[in-house]
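Here's the structure, in structure tokens; my notes come after.
So you know, we letter chains A, B, ... as the sequences are listed, proteins then strands, and number each from 1. Below, each value reflects all heavy atoms present in this structure, side chains not excepted, and no hydrogens, waters or symmetry copies.
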Amino acid sequence: MSFDYIVQQIANGITLGSMYALVAVGFSMIYGIMRLINFAHGDIVMIGAFTTLYLLQNIGLPLPIVAIMVLIVGFGVGMLVEKSIFLPMRGSPQVTGFIASLSLSIMLQNFGILILSAQPRNFNFPEYMNSIITVSTIKFKVLDVVIIVTTIVLVIALLLLINKTKLGIAIRATAQNLDVARLMGININRVIMLTFAIGSAIAAVAGLMWGGKFGQIDPLMGYIPGLKAFVAAVIGGVGSIPGAILGGFILGISEVLFVGLMPPEYSSFRDAFVFIILIVILIVMPNGLLGKNMEDRA
Amino acid sequence: MLKIKNIDVYRGSTHVLHHLNLEVKDGEIVSLIGANGAGKTTTLRTISGLLRPKNGEILYKTDTNSHPIDTTSLPPNEIVKLGISHTPEGRGIFPQLTVKENLLVGAYNRVDDQIESDLLSMYNMFPILQKRSRLDAGKLSGGEQMMLSLGRALMSRPKFLILDEPSLGLAPLIVEQIFDMLKRINEQGVTILLVEQNAVMALELSSRAYVLETGRIVLEGESADLITNKKVQDAYLGGAES
Amino acid sequence: MIKISKQGHHLIVLITVLMLFSYLMQNYADEHILMVANFIGISIILAVSLNLTNGFTGLFSLGHPAFMAIGGYTTAILTFPIAKRALFLPDFPEQLANIQLSFVPALLIGGLLAATIAALVGFSVLRLKGHYLAVATMGFLIIVQVMINNFDSITRGPTGLNGLEEFTTIYWVYGWVFVTIYTAWKVKFSSLGRSMLAIREDEIASKSLGINLFSTRNLAFVLGAFFAGIAGGLWAHLVTALTPNTFSLIMSFNIVLIVVVGGTGSITGSIIAAILFTLFTELLKPIEESFSLFGLSQIIIAVILILVLIFKPKGLFGSSEPEFLR
Ligand SMILES: Nc1ncnc2c1ncn2[C@@H]1O[C@H](COP(=O)(O)OP(=O)(O)OP(=O)(O)O)[C@@H](O)[C@H]1O
Ligand SMILES: [Mg+2]
């Protein structure tokens, strides 16, 4: 196995990791502020992918505009979902929210099947996205570069929002202590809704990338990104935004290496491995790499 | 300033406050004392809207001449806007926000342009906070956290300040400092409702006081009278304190 | 005069009703209705046994179909005719090649294997709480699915096993319905059951009462898994085919839904919700197919669950049983 091959695999892992990181960031933010494992987060990725398909192929809008509109759609869906399902459950046990999100996920998937049928659709980006860039010996598609750059831009924007704005302070304050945040005059319902919407918007954009990268989408496609985001978030420490990003890249790179370096007969065990890793981390290091102890919010 | 009329408050299925009546007049310091579990925190949380009374009402007047506002069913963020600021039990600082961010959260609902200058006057009042301004608040000592909590409450420019056991777990010297500060704050026109375990200090600071026992007001009056009251001395000043 | 206690009285009524129902179905119902009646019975076993875990202790497990799969495959493999094995399962391990059991022992072994695996899994996973436990048990379900897919020498992988013998009759199903309800009832109204409910209500308080949290939880988990395993075996020989995808997250969701709608902790609630759920999906199936509205019933079901979680989070019966039964 050559050095170049490994470098190439790592480069692929970074692309994959970028997408995982984007899905994981929203997942983690939502967990941080609501203590909700949002099982439907992956289905927002699916909605983002189908929105992209529609705007790009049926309406024929240019890609950058599509990306912005996907962001808006994701934001809107997030707002709607939070307001109609999770707001009325505020204060219920955590597991109630989780079961509700499982319901939501099943609902969205079946809506997809009902409206669009379960058939996978081909997803074609404009041709220029597939041209190859060579950096010394490593080959990148333009698409990969776009994915990585977009991820970096979104992550920086998000970190600025969280760390430098009033809303960002309110989001962090609410995540740390709900009651005291209310005593400070923060309208927590609004802040939670916005957090949910922002996380969903980013997931929807990840759906655009996902479709472009894998070339096929279907209504059940959200399961894998949702699951991987969860694992990435847990690796990084659920609730921590830098943790989710780190976790996304660790997962993406190790997954590509795992499949690339292992004998092929093991690759069918991949899903099982992902879950075993997840369960082990939950038991052995529940706060992940960068997480704080999240359970003890007042 | 504040008038609580006949409220009943439940936590889960437990009936915690029974027909509670309490009044705080403009410019006063009123203390509310009582044993553990009497319902002091519950009272304060009800005033600031975190808990809802089952019946009864809470009326609040921003100043003597204005119309009383019924705050009974307002959410906490609306109540904060009326000028009520609540320093919660255990100080409630945000451990993973910096000291400065904690202070800024205190001014969350303000839109004027004097937030920066108020921040500076907080730093003047509590120089240690300026020194630690970029540190995560969770790393502060207990006394520093209390100062931060108080500073944060003042950042909203309150007219009415509620404090839940500010002396809890602090060294006597620091408690002394904090109480001095409360006195100064009050002299600048802020009305104060103080919950305390440390009954002596609370009664010395306040002009009037209420004694709460298992969710009922059992005594009320001038602090100076209560401090010499036999019952109060036995329950809160003698046995309980030593 | 023989004196019969109130409990004994209920018991006799329950047995009579179940026997009469099975007899009527067996002799007068057409094939489709008989099938539905069997599905109802299996749903009841699944829901009541999940209630032993989820309802009484507050442990939220999504792993029930995994135990069903273990029980189902075990029963199916153990009863698989030796003569047919060469054709269907050419790589079958030699040590087991000559073992063929009849239905009942195979069913029991299936249940016991599910329970044993539950004990092992529970040992590591049950220290997690709330939604983390739910996720870990969901992971367990996926892992079991992957295993079944890959151990094709005994499971035939993704193709699954078909042409199983129709051992499962309505009498077997409702016999096990009885055993499940009886066990759940006994457990609920025993001192063990009270400690289970105590764990659910307040972990700290029950710790101070000296209830051994870990072993009580583990026991609830293992007991639930046993009946899930039995349900799996019954299922296998009712529909006479098994594939790994049968035991999906959707199935897990549906069982959880029955328990939540009925009221976590309420046996009566689980039974009634199981009946309603099965009838509802069976009634909607033809509508879905003739108008090709695939996904419709699952959407409606998901919406119902969300509405219940919002407006009646304790379900139909809370955690109690109707007055006249107690
Ligand atoms: N979340 C809750 N659920 C149920 N009961 C509660 C809850 N919080 C407090 N209580 C009960 O309400 C009563 C009053 O509690 P509260 O915290 O108001 O007392 P307190 O006077 O502030 O006591 P302390 O001096 O210990 O702070 C207590 O009996 C307490 O057990
Ligand atoms: Mg208190």
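Using a 4.5 Å cut-off between heavy atoms, F98(A) touches chain C through its side chain atoms alone. No part of V144(C) comes within reach of chain A, as not one of its non-hydrogen atoms sits under 4.5 angstrom from that chain. Interface residue L249(C): only side-chain heavy atoms are found under 4.5 Å from chain A. The part of L62(C) that comes within reach of chain A is its side chain, from C-beta onward, which places non-hydrogen atoms under 4.5 angstrom from that chain. L293(C) touches chain A through backbone and side chain together, each having a heavy atom under 4.5 Å away.
Considering only heavy-atom pairs separated by less than 4.5 Å from chain C, the leading option among T96(A), I113(A), L102(A), L36(A) is L102(A). Contacts with chain C were tallied for L104(A), L108(A), I99(A), V234(A); I99(A) has the most, counting heavy-atom pairs under 4.5 Å. Residue with the most contacts toward chain C among I279(A), I115(A), V280(A): I279(A) (heavy-atom pairs, distance under 4.5 Å).
Looking only at side-chain heavy atoms (C-beta outward), V146(C) and F275(A) stay at 4.5 Å or farther from each other. Counting heavy atoms from C-beta outward, I299(C) and I106(A) have side chains that stay 4.5 Å or more apart. Side-chain contact between F140(C) and I276(A) is absent, with no heavy atoms from C-beta onward closer than 4.5 Å. In this structure, the side chains of L278(A) and V135(C) come closer than 4.5 Å at one or more pairs of heavy atoms. In this structure the side chain of I142(C) never reaches within 4.5 angstrom of the side chain of L227(A), judged on heavy atoms.
Taking CZ of F60(C) as the reference point, atom CD of Q94(A) lies at 13.0 Å (rounded to 0.5 Å). For the atom pair CE (M89(A)) and CD1 (I306(C)), the distance works out to 6.0 Å, reported to the nearest 0.5 Å. With rounding to the nearest 0.5 angstrom, the CG atom of L114(A) is 12.5 Å from the CD atom of Q298(C).
Using the six-membered ring where Trp is involved, F230(A) and Y132(C) have ring planes that are parallel, under 30° apart on the 30 and 60° scheme.
Of all heavy-atom pairs between L282(A) and L128(C), the closest is O-CD2, 3.7 Å. Of all the heavy atoms in G295(C) and N110(A), the pair that sits closest is CA-OD1, 3.3 Å. For I310(C) against S84(A), the heavy-atom pair with the smallest separation is CD1-O, 3.8 Å.
Atom CZ of R90(A) has more than 12 neighbouring heavy atoms from other residues, nucleotides or ligands inside a 6.0 Å radius. With a 6.0 Å radius and a threshold of 12 heavy atoms from other residues, nucleotides or ligands, F123(C) has its CZ atom at or below the threshold. Taking a 6.0 Å sphere around OH of Y223(A), one finds it holds more than 12 heavy atoms contributed by other residues, nucleotides or ligands.
A centroid separation of less than 6.0 Å is found between the aromatic rings of H131(C) and Y31(A).
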For S103(A) and F253(C): C-alpha separation, side-chain torsions, deciding distance, then whether side-chain contact (heavy atoms from CB on, under 4.5 Å) applies. CA-CA 8 Å; S103(A) 295; F253(C) 172 76; 3.3 Å; yes
